[in-house]
Colleague: 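Quick one: the structure is below, and I'll ask about it shortly.
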There are 2 protein chains.
Amino acid sequence: MTVRPFLHPAIEDITVESLLHALSDPVRVAIYANIVAQDCAQNCSTFLHVLNRPIPKSTLSQHFRILRESGLIHSERHGVEVRNTSRCAEVDARFPGLMASIVKAHMIELEQAAAKKIPARHSAKSTTKRSPRSA
Amino acid sequence: MTVRPFLHPAIEDITVESLLHALSDPVRVAIYANIVAQDCAQNCSTFLHVLNRPIPKSTLSQHFRILRESGLIHSERHGVEVRNTSRCAEVDARFPGLMASIVKAHMIELEQAAAKKIPARHSAKSTTKRSPRSA
DNA sequence: TCAATAGTTCGTATTTTCGGAACTATTGAA
DNA sequence: TTCAATAGTTCCGAAAATACGAACTATTGA
């Protein structure tokens, strides 16, 4: 079987739904954040180990397809490898501020998680409360 | 079987991942947008018909659970019905600007979709392009 | 020509989601 | 009080999406 060509949606076909779906998975968020942060293209195998665990090649390939087909990244074959760059300028032109606020929100969450691991000064106790009138 | 009480995450337990997952479904987005837009609580059965199609009660119940457990809405039993309000003030306190930018992006998308249905002035042809170096 | 590398595709197992049917809880009559 | 109506939940089987090992393809550099 031949390798199918990459499909990249045109800017005007990018949907909020698919962007949010693409970023609702922690592995994909980690990959996307890394691609955005680096200023040179990243190949897929850079991410065979992410979030402190190994990701199988086949799974990784699917994650890249989802990121690509949502419009978040652009993939290009260069010889034996695939180089990925973010399409954040395009996405930002279509949905101004969206990606920035999502990335910012992730950073807030990561900072909080880091703060919790350090001795815990005030220990903002993480409770799951119940609705007063339920039950 | 007794009805389980509603579970609402505490603010600090709300994660970006679950927020994005909750909003990566068009029915849930429609429900959430409506709840945010109204200034009084909405009961579930308001949404038995959404996006021009009927939603089965059992499915609707699951959608509400996902919105609730992601932290986007607060549900409270009032007699025979359940009243839902958005928790956007809380969510905005935790992740400033996030929800606003997502709602704004959805509005941009809806405007574009509406513009396409009107006779199509320039007919921004919606193409799915291929990567130049692939194939 | 061949081995190594990078990634894709296939097929199966697991997980998630959908939706009909049966159920629970509350209310407002009769 | 009983009873029907209403609002929603839960159960469970079907369908769809996801995960990942194994086999494959394509490119490159001995």
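In what follows, chains carry the letters A, B, and so on, assigned in the order in which the sequence lines appear, proteins first and then strands, with residues in each chain numbered from 1.
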Colleague: Rounded to whole Å, how long is the line connecting atom CZ of A/Phe6 with atom P of D/dT25?
Modeller: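 Whole-Å distance recorded here is 17 Å.
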Colleague: When the distance from CG of B/Asn84 to P of D/dT9 is rounded to whole Å, what number comes out?
Modeller: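 The answer, rounded to whole Å, is 9 Å.
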Colleague: In whole angstrom, give the distance that lies between atom CG of B/Leu60 and atom C1' of D/dG8.
Modeller: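 Those two atoms, CG and C1', are 9 Å apart.
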Colleague: Would you find a donor on one side and an acceptor on the other, under 3.5 Å apart, between the side chain of B/Gln38 and the backbone of B/Val36?
Modeller: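 No: the side chain of B/Gln38 does not pair with the backbone of B/Val36.
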Colleague: Just the rounded figure in Å: distance from C1' of C/dC18 to CG of B/Asp25.
Modeller: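 It is 11 Å, rounded to the nearest whole Å.
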Colleague: Using whole Å, report how far CG of B/Leu48 lies from C1' of D/dA7.
Modeller: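 After rounding, the reported distance stands at 9 Å.
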Colleague: Where each residue is assigned the nucleotide of DNA chain C containing its nearest heavy atom, which of B/Gln62 and A/Asn43 is assigned the position nearer the 5′ end?
Modeller: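 Of the two residues, A/Asn43 wins.
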Colleague: Mark yes or no for whether B/Asp92, through its side chain, and B/Gly97, through its backbone, hold a donor-acceptor pair below 3.5 Å.
Modeller: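 Looks like yes, one N/O pair under 3.5 Å.
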Colleague: From the list C/dT26, C/dT5, D/dT9, which nucleotide is the closest neighbour of the side chain of B/Val80?
Modeller: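 Shortest atom-to-atom distance from the side chain points to C/dT26.
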Colleague: List the steps and the verdict of side chain to side chain contact (heavy atoms under 4.5 Å, CB included) for A/Lys57 and A/Leu48.
Modeller: CA-CA 7 Å; A/Lys57 275 203 308 180; A/Leu48 282 169; 3.7 Å; yes
Colleague: Please give me the minimum heavy-atom distance between B/Glu81 and B/Asn43, naming the atom from each residue.
Modeller: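 Looks like OE1-ND2, 2.8 Å.
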Colleague: Which one, C/dG7, D/dT9, D/dT18, comes nearest to the side chain of A/Val82?
Modeller: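 The nucleotide sitting nearest to the side chain is C/dG7.
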Colleague: Dot-bracket for DNA chain D, 5' to 3', with Watson-Crick and G-U pairs under 3.5 Å, [ ] for crossing pairs and | for other-strand pairs: what is it?
Modeller: ||||||||||||||||||||||||||||||
Colleague: In this structure, how many angstroms lie between the C1' atom of D/dA19 and the CD1 atom of A/Ile55, rounded?
Modeller: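 So the two atoms are 10 Å apart, to the nearest Å.
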Colleague: Looking only at side-chain N and O atoms, does B/Thr59 come under 4.0 Å of OP1 or OP2 in C/dC18?
Modeller: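 For C/dC18, OP1/OP2 do not have a side-chain N/O of B/Thr59 under 4.0 Å.
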Colleague: Whole angstrom is fine here: how far is it from NE2 in A/His63 over to C1' in D/dA17?
Modeller: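 In whole Å, D/dA17 C1' and A/His63 NE2 are 13 Å from each other.
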Colleague: Do A/Phe47 and A/His63 have side chains that approach each other closer than 4.5 Å (heavy atoms only, starting at C-beta)?
Modeller: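 They are not in contact (no side-chain heavy atoms under 4.5 Å apart), so the answer is no.
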Colleague: Under 4.0 Å between a side-chain N/O of A/Ser45 and OP1 or OP2 of C/dG7, yes or no?
Modeller: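 For C/dG7, OP1 or OP2 has a side-chain N or O of A/Ser45 closer than 4.0 Å.
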Colleague: Using 30° and 60° as the class limits, which term best fits the ring planes of A/His74 and A/His8: parallel, tilted or perpendicular?
Modeller: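 Parallel, since the angle between the ring planes stays under 30°.
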Colleague: Please report, rounded to the nearest Å, how far the C1' atom of C/dT26 is from the CD atom of B/Glu81.
Modeller: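 One finds 11 Å between C1' of C/dT26 and CD of B/Glu81, rounded.
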Colleague: Has the side chain of B/Ser58 got a donor or acceptor atom sitting under 3.5 Å from an opposite partner on the base of C/dG20?
Modeller: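 Indeed, a donor on one side and an acceptor on the other fall under 3.5 Å apart.
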Colleague: So, do B/Val82 and B/Phe64 sit near enough that their side-chain heavy atoms are less than 4.5 Å apart?
Modeller: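 Result no, sub-4.5 Å side-chain heavy-atom pair not found.
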